[in-house]
Amino acid sequence: MPKNNIKVALIGNPNTGKTSLFNQLTGLTQKVGNYPGVTVDKKQGTSKLSATQNAIITDLPGTYSINPTSIDESIVLKTLLKKDIKESPDVILVVADVENLKRNLLLFSQIKDLEIPTVLAINMVDQMSRKGISIDLTALKEELNTEVVLISARKNTGIEAVKDAIIKCHIAAKATPMCDNKKIDPAYFDQLKAINPNYTLYELWLMVTQKNFPEGISKQEKEQLLSFNKDVSKLRRYQHKETIYRYQEINKVLKKTYLVDKSKATDIRAKLDKIFTHKIFGYFIFLLVLLLIFQAIFDWSSLPMDLIDTTFAQLSDFARSNLPVGVLSDLIVEGIIPGIGGVIIFIPQIAILFLFIAVLEETGYMSRVVFLMDKIMRRFGMNGKSVIPLISGTACAIPAIMATRTISSWKERLITILVVPFTTCSARLPVYAILISLIIPETKIFGFYNLQAFTLLMLYALGFVTAILSAYILQRTLKIKSSSFFVVEMPNYKLPSIKNVLFDVLEKTKAFVLGAGKIILALSVVLWFLASNGPESYKNAEKNTLDKAENEHLGSDELLQKVAAAKLESSYIGIMGKSIEPAIRPLGYDWKIGIALITSFAAREVFVGTLATIYSVGSDDENTTTIKEKMRSEINPVTGEKIFNFPAGMSLLVFYAFAMQCMATLAIVKRETKTWKWPLIQLFGMTGLAYVCSLIVFQILK
Amino acid sequence: MSTIASLRIGEMGYISEESLDVIPLKLLEMGCLPGAEVRLVQIAPLKDPLYICVNGSHLAIRKETAAKIKILKVNL
C-alpha cells in the first residue's frame, strides 16, 4: 500500500444512498470501530482510487446539518471541527440525493465553509428523467466552485469519476467558503473572527453555537468565545438567519443549474402512502409485518439453533474425551465451550431480526410505522421511533437499546431504554418452554387452541403490557425536562439493495457477538468456577457420597450423578443458593432453584442448564425429557409436596417475565446512559417487581 | 390566522415570515422556511403527527409544532 493515503470523510443526509456509495467504494475492506469516548460505530474502509493512490474512507453518520440533535450526529461536528488532530479528513465527500438537492446542499454549504476540499456526489441520477429533473453540470461545478460528480451508487455508475474527483480535489487543495456569515451582522462576526484568525469564521461560529472546542483553542480564547454565547436569543436568531441566508445562496445556484419539469414526474409515493398510512389498512399491514417477523424469528431460526446446540454439545464431548483430565480441561469443557455456545445460539434469531429491520428501513416503510405509531406511543411517554426497539426487544434487549439512539428527546429515549427489557426476549424462551411443559396440561381450549401455546402467548402479552404500563408510570414520575421536538423524514419508497442489507446484518450481528458475547462468556467462566470449587466440605463431597451405605448398590452412572449433585451442593454457588433460600421460600422455591436464579443473572437461559447440572443430567437434547422427569419428581423434603407444582411453576414464570436477569443488558444501559443510576434502577425495580408478583401468585395459588 | 395544523389534506399554504422565530432550527434546516410553499400530504390516523411536503422535503412533524407555524392559505 502506498504511503500518504488520502483521508476521506463521507457525509450526507439520511436516505441519500450514502451507505451504498460507501459499500461500492470500499467493498469488503470495511471495519467497524468505535469513536473514542462515545459508542457510535465508526465505519472505515480502504478504496483504491488509482494505481498509485489509496484512500481511507470514513463513513460518518447521516445528518441534515452540522448542528447536531442526536449523539450520532454530534460525531460529524466533532470529526470536522478537530482540524489539529491526525484523524481530520483531507477531503470531504458529500453525497446528495438528486431529488432533494436543495435541502442536501444546506449540509454541503456548511461543510464548504469549513474550508476543507470538498467533492459533491449527486446520487440517484438514474431517477432524473423519471422525475423530470435536468442538471447543468458544468455550471454547477462553477457555481459551487468544486468537483461535482453525477452517480448512481446502486447501479454502480459514476464511482470511478468520484475517485478521480477525490484525487483532483486533493491535489488542488482548493477550499473556498460558500457563504459569509458577516452579511448577517458585520460588526458581530468581525469581532468573532478576531478571536483566532487561524480558524475560519464558520468554525469559530460553530464553537460558539455548539460549545465544542478544538484543542488548538486556548483557555482565554475559549472564554472569549463563550462570551458570545451569553445572549441566547440573539444567537438563536442569528442561527435562524444563517439558515435562511444559506438557502438563499443555494436557490441562486440552483436557479441557474437545476430544472424540474413537474409535468414529467411520475410518483408512486402518493399511492403507496395512501395504503401504508391508511387508518385501517395501515395498522393491519403493520400487524401482518409484525406477525411475519415473529414467525420468522421463531420458525426459521429453530433449525440453525438446534444445529448449533448439538454441535456445541458434540464439541464438548469431543474435547472431554480428547483433552487430558484436569482443571484446564474442565474449564474448557464446562466453562468456555458452553459459554461460547450460549452466545452463538442467538445468532440466527438476531440475524433474522436485523435482516427484517434493515429491509424495512431500506424500503422507507419504517418511517411510515413511526408516523402511524407516534401518537399512541406518546401517550406512554415514548416516541414513534420507540416501536423499533420494542420489536427488537423480542429477540434481544441489547440491539434494542442501541436502536434507541435515533430518538432525540432524552426523556422519551430513556423511558424506552428502561422498559425494553420487559419485552420477552429469546433468552426467556427456553425457561418458559420447560416450565410450561411441567405445569400446564396439553389440553385444548376452545376445542382447538393448545393451552401450552396459549400460555406462552399470554407471557408475551404480559411482557409487552408491563413495558407499556411501566412507561406510563415513568412518564408521570420522571422529572426530566427535554424538548419533545420530533421530525421524521418520509423518504421515497425503494427496493432494498441486497448488498446494503447483507452488509448491515453482518455488521450488526458481529457487533452483538463481540459486545454481548464477551460478557456472557466471562460470566459463564465465573459461574463454572463457583460451581466447581468450594470450601473444605466440597473436597469431601465425593468421598462422603461414595462411602454412604445407601449408595452401595447403585450403578456407576447413577453414582456419578449423585456425586456431581453432592459436589454442586457444597460448592460456592451451592452455598449461595442455600443462603438465599429463606428469602425465596415464600415464592415456592428451594435452594436448587435459588442456584438457578443466581446463575440466571448472567443470562436467563442459563436456568435450564443449571437445573440440568443440579439434577445431574447432561443438557443435550436427548435428555430434555429426563430433566423434565427429574424436575417433576423433585420433592420438597419439608412439605413432602412436589417442588415444581402449579403454584411454584406459575410463580417462577412470573419471576422470569419481570426480573432483570441479564448482565449484558445492564452493561449496555450503563454505556448508553453514561451512569450506573439507570441500570441499578432497572435491576432493583424489575427484580423487586418480580419478587412481589411471584410472592402474590404463589401465595394465592398455594 | 391559519397554521400548518389547520390545513386539510391536499391543501397548500405559504409559511409566513413572522414564523421565523418559532420554527425549530432543525426544521428550518430541513427546508421548512418562511416563504416556502407547504402542502399537507396526510394526517396520521389519530390526527397526529402531520405529514407535510415543504421545499421538496417530505416530513412528519407533531401537531403541536405545526400549530405554531403560521401560514397564508392558498385557495385553489
Side-chain angles (χ1 to χ4, degrees), chain A residues 13 63-69 73 97 99-104 106-107 110 209 233 236-237 239-244 246-248 251 260 269-270 273-274 276-280 282-283 364 367-368 370-376 378-379 383-384 408 483-492, chain B residues 3-5 7-12 14-72 74 76:
Chain A
N13 287 9
T63 183
Y64 296 102
S65 147
I66 276 191
N67 302 315
T69 47
E73 290 174 6
D97 169 7
E99 206 189 338
N100 266 321
L101 194 56
K102 192 196 281 181
R103 193 191 65 209
N104 284 257
L106 177 85
L107 180 64
Q110 294 174 328
T209 55
S233 68
R236 224 179 79 96
R237 211 167 54 240
Q239 276 187 299
H240 278 82
K241 277 194 174 171
E242 178 200 334
T243 308
I244 304 270
R246 285 185 186 282
Y247 268 107
Q248 283 167 348
N251 280 336
V260 188
R269 170 206 287 272
D273 270 339
K274 271 211 176 96
F276 287 134
T277 61
H278 188 271
K279 53 185 143 186
I280 296 160
Y283 290 108
S367 303
R368 274 69 188 183
V370 171
F371 177 65
L372 278 179
M373 298 299 291
D374 183 59
K375 185 73 191 279
I376 301 173
R378 216 181 325 157
R379 289 202 183 135
N383 186 300
S408 58
S483 68
S484 69
F485 176 64
F486 167 95
V487 58
V488 183
E489 192 190 358
M490 307 290 265
N492 250 331
Chain B
T3 65
I4 292 181
L7 285 172
R8 271 180 275 171
I9 292 179
E11 279 186 335
M12 285 198 278
Y14 288 94
I15 299 177
S16 85
E17 299 291 337
E18 57 183 301
S19 291
L20 179 58
D21 286 338
V22 298
I23 303 174
L25 181 61
K26 170 120 181 180
L27 213 49
L28 275 179
E29 289 175 335
M30 290 175 88
C32 193
L33 304 168
E37 185 185 274
V38 56
R39 180 168 56 92
L40 186 68
V41 180
Q42 181 73 277
I43 301 173
L46 296 167
K47 309 281 172 224
D48 193 9
L50 309 176
Y51 177 173
I52 60 169
C53 176
V54 56
N55 246 327
S57 281
H58 292 78
L59 310 171
I61 57 172
R62 285 181 180 169
K63 208 171 177 175
E64 52 175 317
T65 313
K68 284 185 209 152
I69 304 173
K70 291 177 182 162
I71 53 161
L72 301 165
V74 180
L76 291 173

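So you know, we letter chains A, B, ... as the sequences are listed, proteins then strands, and number each from 1. Just so it is clear, the structure is predicted and the values come from calculations on it, not from any experiment.
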Query raised in the report: Does a salt bridge link Asp48(B) with Arg62(B), judged by any charged N lying under 4.0 Å from a carboxylate O?
Result: no
Report summary line: Looking only at Lys241(A), Lys102(A), His278(A), most heavy-atom pairs under 4.5 Å shared with chain B are made by Lys102(A)
Query raised in the report: Less than 4.0 Å between a side-chain N and a carboxylate O, is that true for Arg269(A) and Glu99(A)?
Result: no
Query raised in the report: Which bit of Ser57(B) is near chain A, if near means a heavy-atom gap under 4.5 Å: side chain, backbone, both or neither?
Result: both
Report task. Identify which of Gly35(B), Cys53(B), Pro49(B) forms the greatest number of heavy-atom pairs closer than 4.5 Å to chain A. Result -> Pro49(B)
Query raised in the report: What residue, out of Lys279(A), His240(A), Arg236(A), has the most heavy-atom pairs lying under 4.5 Å from chain B?
Result: His240(A)
Query - Basic-acidic side-chain contact under 4.0 Å: Arg246(A), Glu242(A) - result: yes
Report task. Taking Thr243(A) for its side chain and Glu29(B) for its backbone only, find out whether a donor-acceptor pair lies under 3.5 Å. Result -> no
Query - Part of Ile376(A) lying under 4.5 Å from any heavy atom of chain B - result: both
Query - Proximity breakdown for Asp273(A) and chain B, heavy-atom pairs closer than 4.5 Å - result: both
Report task. May I ask you to decide if Met373(A)'s main-chain N or O and Tyr283(A)'s side chain share a donor-acceptor pair within less than 3.5 Å? Result -> no
